[in-house]
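Before any comments, here is the structure.
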Amino acid sequence: QVQLVESGGGLVQAGGSLRLSCSASRLTFRSYAMGWFRQTPGKDREFVTAIDWSASSTVYADSVKGRFTISRDNARNTVYLQMTSLKPEDTAVYYCAAALVSQWPTIRRETVYNYWGQGTQVTVST
């Protein structure tokens with residue numbers, strides 16, 4: 001089965017940086033746009049960012065624009081989320097997800113994603 005595995009989460013001080021990775025197995029990586037979502041207990045899952053198959057297009061939530069950068073290495077079947085200038089409100093479980101590239105026009109929507117990782121915890125302290 002398709003498997004997405006996130007790594008790189010942890011505890012970081014406000015203003016610091018962290019890089020998350022998501023490795024995909026048994027997935028035709030080029031056929032999928034990749035996205036990151038995040039979720040806090042008691043709240044709905046929130047779109048963070050996404051990148052298309054060729055890395056020619058990216059989209060970011062307003063809350064992270066200018067601070068987070070998404071990238072992908074198709075040769076390694078891996079997508080990254082570089083987070084800088086972290087704030088306490090960035091604290092959440094971060095999920096990697098994959099959606100068919102044909103869904104790009106609506107890539108901010110949770111419902112268009114086919115596969116999800118297990119999540120990795122990011123905690124930003126004051």
Side-chain angles (χ1 to χ4, degrees):
Q1 305 93 326
V2 171
Q3 185 177 33
L4 304 180
V5 180
E6 302 97 334
S7 62
L11 177 65
V12 64
Q13 189 175 8
S17 300
L18 205 62
R19 188 174 82 156
L20 307 183
S21 298
C22 172
S23 296
S25 300
R26 295 180 291 275
L27 180 74
T28 305
F29 200 62
R30 187 179 179 181
S31 299
Y32 288 85
M34 303 297 296
W36 289 94
F37 287 75
R38 64 187 183 186
Q39 187 170 32
T40 300
K43 297 181 179 180
D44 292 337
R45 197 150 45 189
E46 174 190 16
F47 174 80
V48 177
T49 182
I51 188 168
D52 74 349
W53 72 271
S54 65
S56 60
S57 297
T58 58
V59 61
Y60 295 90
D62 289 342
S63 59
V64 306
K65 195 174 299 181
R67 299 189 298 119
F68 291 10
T69 302
I70 189 171
S71 61
R72 67 190 293 165
D73 185 340
N74 290 338
R76 296 181 180 272
N77 286 1
T78 302
V79 63
Y80 304 94
L81 181 63
Q82 180 67 51
M83 305 183 292
T84 62
S85 301
L86 282 162
K87 305 174 181 179
E89 51 263 44
D90 294 319
T91 295
V93 176
Y94 283 72
Y95 295 91
C96 175
L100 290 170
V101 295
S102 61
Q103 299 294 329
W104 184 254
T106 56
I107 205 65
R108 291 177 179 266
R109 301 177 183 175
E110 179 181 354
T111 55
V112 308
Y113 289 83
N114 302 98
Y115 305 106
W116 295 83
Q118 83 289 345
T120 185
Q121 176 71 47
V122 172
T123 302
V124 184
S125 64
T126 58

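Across every non-hydrogen atom of T126 and P88, the tightest pair is CG2-CG, 3.6 Å. When every heavy atom of Q121 is checked against every heavy atom of A92, the shortest pair comes out as NE2-O, 3.5 Å.
In the hydrophobic clustering of ILVMFWY residues, with side-chain heavy atoms under 4.5 Å counting as a link, Y94 and L11 come out apart. Residues I107 and Y60 do not share a hydrophobic cluster, clusters being chains of Ile/Leu/Val/Met/Phe/Trp/Tyr side chains in contact below 4.5 Å. Under the 4.5 Å side-chain contact rule for hydrophobic residues, V5 and W36 do not share a cluster. V112 and M34 sit in two unconnected hydrophobic clusters of ILVMFWY residues. Membership requires side-chain heavy atoms under 4.5 Å apart, directly or through other members. Hydrophobic clustering, with ILVMFWY side chains joined whenever heavy atoms are under 4.5 angstrom apart, keeps L4 apart from Y80.
Between L18 and L86, the closest side-chain pair of non-hydrogen atoms falls below 4.5 Å. Between R38 and L81, every side-chain heavy-atom pair lies at or beyond the 4.5 Å cut-off. Looking only at side-chain heavy atoms (C-beta outward), T78 and R72 stay at 4.5 Å or farther from each other. Under the 4.5 Å side-chain criterion, counting only non-hydrogen atoms from C-beta, Q13 is not in contact with V124. Put simply, the side chain of D52 does not reach to within 4.5 Å of the side chain of V101, judged on heavy atoms. No side-chain heavy atom of Y113 sits under 4.5 Å from any side-chain heavy atom of Q103. Residues V79 and I70 have side chains in contact (heavy-atom distance under 4.5 Å, counting atoms from C-beta outward). Considering only heavy atoms from C-beta on, T69 stays 4.5 Å or farther from T58 through its side chain.
S17 places no side-chain N or O within donor-acceptor distance of the main-chain N or O of T84, the cut-off being under 3.5 Å. In this structure, the side chain of R67 engages the main chain of S85 through a donor-acceptor pair within 3.5 Å. Between the side chain of R109 and the backbone N or O of F47, no donor-acceptor pair lies under 3.5 Å. Counting only distance, with no hydrogens or angles, the side chain of E6 and the backbone of L20 share no donor-acceptor pair below 3.5 Å.
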Query raised in the report: Which is it for N77 and L27 under the side chain to side chain contact (heavy atoms under 4.5 Å, CB included) test, yes or no, and what are the steps along the way?
Result: CA-CA 8 Å; N77 286 1; L27 180 74; 6.0 Å; no
Query - Steps toward side chain to side chain contact (heavy atoms under 4.5 Å, CB included) verdict (S23, Q3) - result: CA-CA 8 Å; S23 296; Q3 185 177 33; over 6 Å; no
Report task. Just do the ring pair (Phe, Tyr, Trp, His ring centres under 6.0 Å) check on F37 and W116 with the steps written out, would you? Result -> CA-CA 10 Å; F37 287 75; W116 295 83; 5.1 Å; yes
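Judged as a salt bridge (Lys or Arg N to Asp or Glu O under 4.0 Å), not a single pair has a partner in residues 8-18 (not counting sequence neighbours).
With Y95 as the aromatic partner, R45 meets the cation-pi criteria of under 6.0 angstrom to the ring centre and within 45 degrees of the ring axis. R26 forms no cation-pi arrangement with Y115, by the criterion of a distance under 6.0 Å to the ring centre and an angle within 45° of the ring axis.
Between the OG1 atom in T40 and the CD atom in E89 there is a gap of 10.5 Å [rounded to 0.5 Å].
The ring of W53 has its center no closer than 6.0 angstrom to the ring center of F29.
D90 has no carboxylate O lying under 4.0 Å from a charged side-chain N of K87, or vice versa, which leaves the two without a salt bridge.
Judged as a salt bridge (Lys or Arg N to Asp or Glu O under 4.0 Å), and not counting sequence neighbours, D44 has no contacts.
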